[in-house]
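Proteins come first, then strands; the chains are lettered A, B, ... in the order of their sequence lines, and each starts at number 1. Just so it is clear, the model here is predicted, and its values are computed rather than measured.
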2 protein chains.
Amino acid sequence: MPGIRSPLGVKVTGPLLTAASPATRAQLLGAAVALAVPRGAPILAQEAEADRLFLLLQGSVGLSTAEEGGAATMVEILSPGEAFPISAVLLRTAHPVAAVALAPCRLLAIPAEEVRAAAMADGGLMHAALEQMTRQWRLLVDQVVDLKTRDATQRAARFLARRLSAARGAVEIPEPRGAIAARLGMTPESLSRALHGLEAAGLLRLHGRRVDVPDRAALLRICAPRPGGASQAPRRV
Amino acid sequence: MPGIRSPLGVKVTGPLLTAASPATRAQLLGAAVALAVPRGAPILAQEAEADRLFLLLQGSVGLSTAEEGGAATMVEILSPGEAFPISAVLLRTAHPVAAVALAPCRLLAIPAEEVRAAAMADGGLMHAALEQMTRQWRLLVDQVVDLKTRDATQRAARFLARRLSAARGAVEIPEPRGAIAARLGMTPESLSRALHGLEAAGLLRLHGRRVDVPDRAALLRICAPRPGGASQAPRRV
DNA sequence: ACGGGCCGTTGATCTGAATCAATCAAGCCG
DNA sequence: CGGCTTGATTGATTCAGATCAACGGCCCGT
């Protein structure tokens, strides 16, 4: 996908804006404000109404929920190119999850009013928004399946494999271990053990925040669903 | 929400169609075909391209995924009023989950072409589609939080409480126990123990497929997140 | 350079839920 | 009406992963 150079001089990629017409895109980018946030900074409070649409250019943003009891969960980790919170901005509803920077981030912020006006005028943008929500839904479906049918080691292996585009190579993990563990539904201790177990099996090598994966296919081979999981659907009810 | 009487004589409710203009709605309902399917019947195969949009009028439909290994997961259980697969129909993409009747169902099927044409012409329908995808996304967010932060008993209690509209009353559970257990991420044995544990605690009474709940609030009180769950987000990284 | 706090790792123990196995209730068909 | 298949329940056992606790390294600021 070709990058689009905004008036701010930053390259903008991501499926949402590329689906808009050039005129719409120029309009939106003209209203955009670039910002940088340090690791750990809150970007969006839980249940807040979104007055801006954020485009993640660099870094990593975690979507987490905290219940009154104090327990928090990392629901999703967003990578560069993603926009959020799409539906909260377009539908004028509160966003049920908080967004926090898990690594130093560069973001583009577009006023919600502009985005809504553009979506009204440009059907392609609305279509792309539906595509993005569908994509987010599918990612959560995958996560639910993972949580229900795979053990901790398999979930960790899949997480790394998904970050690796090529068949072999290195993955950068800029997020703190605790955030990854929360995203994967386990404790930091369990994540550490899973990762070191995979290293002991020769499937990867840990170098601080870099992980070398000699063979992505081998990593995924570990992830076959457990023969008898907590998962049986009624066959032929 | 007022019911809309279709040419087929069935009452149609649900947020998707009520958002369309009367003309669009009449057009879609004119093309609709009513059908009834028995418990256990497949409605939509996994990864299939959807040629029809289904509206669930009565019964219960399960969305499940099966991986080659044979393990299956119940991702979501749909109630009357829901439409599926919205995004697969509108975006012409394959639906990643299979749909199966968990109870005898009455459905309305609308050809995909009609729905796409209507969405093109009627902006309200597209908007409603985005709303519905957002709703589905939020339901999955809730499910992920449940799986990560609540134990089996709490998940079972929340499932029942969510089916109960009033503060007290009876819930009908037409679905087989195995399907519910799969939706909740546990085995049928664990679900049985959780349910009977709640009954022993006086929070509900089991009568076959009917469950009496004397106090919904008490049921939900059980569900406070575990003080220290597998859930800590990085605080002030 | 030095202290201190935080993050990640490692070890020991405990527990919730899966698994294995058997029983029981209930449709359903012949 | 009785046998048979299927689903729900109960019990015994096992195990993955949470919890509790301690340690080491790294980065921070002074």
Side-chain angles (χ1 to χ4, degrees), chain A residues 38-40 71 73 102-104 146-157 173-182 184-200 205-211 222-223 225-237, chain B residues 38-40 62 71 73-74 102-104 146-157 173-182 184-200 205-211 222-223 225-237:
Chain A
R39 187 195 306 272
T73 314
L102 301 179
D146 265 22
L147 288 167
K148 286 181 183 173
T149 71
R150 279 179 254 266
D151 66 25
T153 301
Q154 294 172 331
R155 296 202 298 273
I173 312 287
E175 301 89 354
R177 289 286 203 272
I180 312 253
L184 294 177
M186 65 186 79
T187 58
E189 294 96 320
S190 289
L191 175 60
S192 179
R193 279 184 251 267
L195 255 24
H196 287 263
L198 289 168
E199 184 176 38
R205 286 204 53 79
L206 296 167
H207 288 92
R209 12 200 51 152
R210 177 188 288 97
V211 181
I222 298 295
C223 301
R226 295 187 296 237
S231 46
Q232 38 277 42
R235 51 247 150 175
R236 312 277 299 93
V237 177
Chain B
R39 187 196 306 273
T73 315
M74 192 64 59
L102 301 179
D146 265 21
L147 288 167
K148 286 181 184 173
T149 70
R150 278 180 255 267
D151 66 25
T153 301
Q154 294 172 331
R155 295 202 298 272
I173 312 286
E175 301 89 355
R177 289 285 204 272
I180 312 249
L184 295 176
M186 65 186 78
T187 58
E189 294 96 318
S190 289
L191 175 60
S192 179
R193 280 184 250 267
L195 255 24
H196 288 263
L198 290 168
E199 185 177 38
R205 286 204 54 78
L206 296 167
H207 288 91
R209 13 200 51 154
R210 178 187 289 96
V211 181
I222 298 295
C223 302
R226 295 187 295 238
S231 47
Q232 36 278 43
R235 49 251 152 174
R236 312 275 300 96
V237 178

Pairwise distance CD1(Ile180(B)) to CZ(Arg155(B)) - rounded to 0.5 angstrom
13.5 Å

Side-chain atoms of Asp151(A) come closest, of dG17(D), dG8(C), dA17(C), to dG17(D)

Run the side chain to side chain donor-acceptor pair (under 3.5 Å) test against Thr153(B) and tell me which residues pass, sequence neighbours left out.
none

Residues at least two apart in sequence or cross-chain that pass side chain to side chain contact (heavy atoms under 4.5 Å, CB included) with Ser190(A), listed by chain then number, are Met186(A), Thr187(A)

dT9(D) OP1/OP2 closer than 4.0 Å to side-chain N/O of Ser192(B):
yes

Gap between atom CD1 of Ile173(B) and atom CG of Leu206(B) - 0.5 Å precision
9.5 Å

Contacts of Arg209(A) meeting side chain to side chain donor-acceptor pair (under 3.5 Å) (sequence neighbours excluded), chain-then-number -> none

Specify the separation, in whole Å, of atom NE2 of His196(B) and atom P of dG11(D).
11 Å

Nucleotide dT9(D), atom C1' - distance to CG of Leu198(B) in whole Å:
16 Å

So, is Thr187(B) close to the dA17(C) phosphate, meaning a side-chain N or O under 4.0 Å from OP1 or OP2?
no

Roughly, in whole Å, what's the span from CG in Leu147(A) to C1' in dG17(D)?
14 Å

What's the spacing between Glu189(A) CD and Leu191(A) CG if we round to 0.5 Å?
10.0 Å

With sequence neighbours excluded, residues passing side chain to side chain contact (heavy atoms under 4.5 Å, CB included) with Ile222(A):
Gln154(A), Leu203(A)

Note the angle between the end axes of the helix from dG8(C)-dC23(D) to dG30(C)-dC1(D), five pairs defining each, rounded to 10 degrees.
30°

d(CD1, Ile173(A); P, dT9(C)) in whole Å
11 Å

Taking all atoms of both residues into account, what is the closest heavy-atom pair of Ala179(B) and Leu102(B), and its distance?
CB-CD2, 4.0 Å

For Arg210(A), check salt bridge (charged side-chain N to carboxylate O under 4.0 Å, His left out) against everything at least two apart and list the hits.
Glu172(A)

Which of these nucleotides, dG17(D), dA18(D), dA8(D), is closest to any side-chain atom of Ala152(A)?
dG17(D)

Any protein N or O atoms within reach of nucleotides 20-23 of chain D? Criterion: under 3.5 Å, listing atom names and distances.
from	atom 1	to	atom 2	distance (Å)
dC20(D)	N4	Glu189(A)	OE2	3.3

Between the protein and nucleotides 27-30 of chain D, are there any N/O to N/O pairs under 3.5 Å, and if so, what are the atom names and distances?
none

If I take atom CE in residue Met186(A) and atom P in nucleotide dG8(C), what distance separates them, rounded to the nearest angstrom?
15 Å

Point-to-point distance, once rounded to the nearest 0.5 Å, from CZ of Arg177(A) to CG of Leu195(A)
5.5 Å

Nearest heavy-atom contact between Pro174(B) and Ala103(B) is CB-CB, 3.9 Å

May I have the distance from Glu199(A) (atom CD) to dG8(C) (atom C1'), rounded to whole angstrom?
14 Å

Applying side chain to side chain contact (heavy atoms under 4.5 Å, CB included), can you list everything that pairs with Ala157(B), at least two apart in sequence or on another chain?
Leu198(B), Leu219(B), Cys223(B)

What nitrogen or oxygen pairs link the protein and nucleotides 22-29 of chain C at under 3.5 Å?
none

In this structure, how many angstroms lie between the C1' atom of dT10(D) and the CG atom of Leu191(B), rounded?
14 Å

Taking the minimum atom-to-atom distance to the side chain of Ser190(B), which one of dG8(C), dA18(C), dA18(D) wins?
dA18(C)

Arg177(A) CZ to dT10(C) P, straight-line distance once rounded to whole Å:
11 Å

Distance-only, no hydrogens or angles: does the Arg39(B) side chain make a donor-acceptor pair with backbone N or O of Pro104(B) under 3.5 Å?
no

Lys148(A) side, atom NZ; Thr73(B) side, atom OG1 - distance, nearest 0.5 Å:
6.5 Å

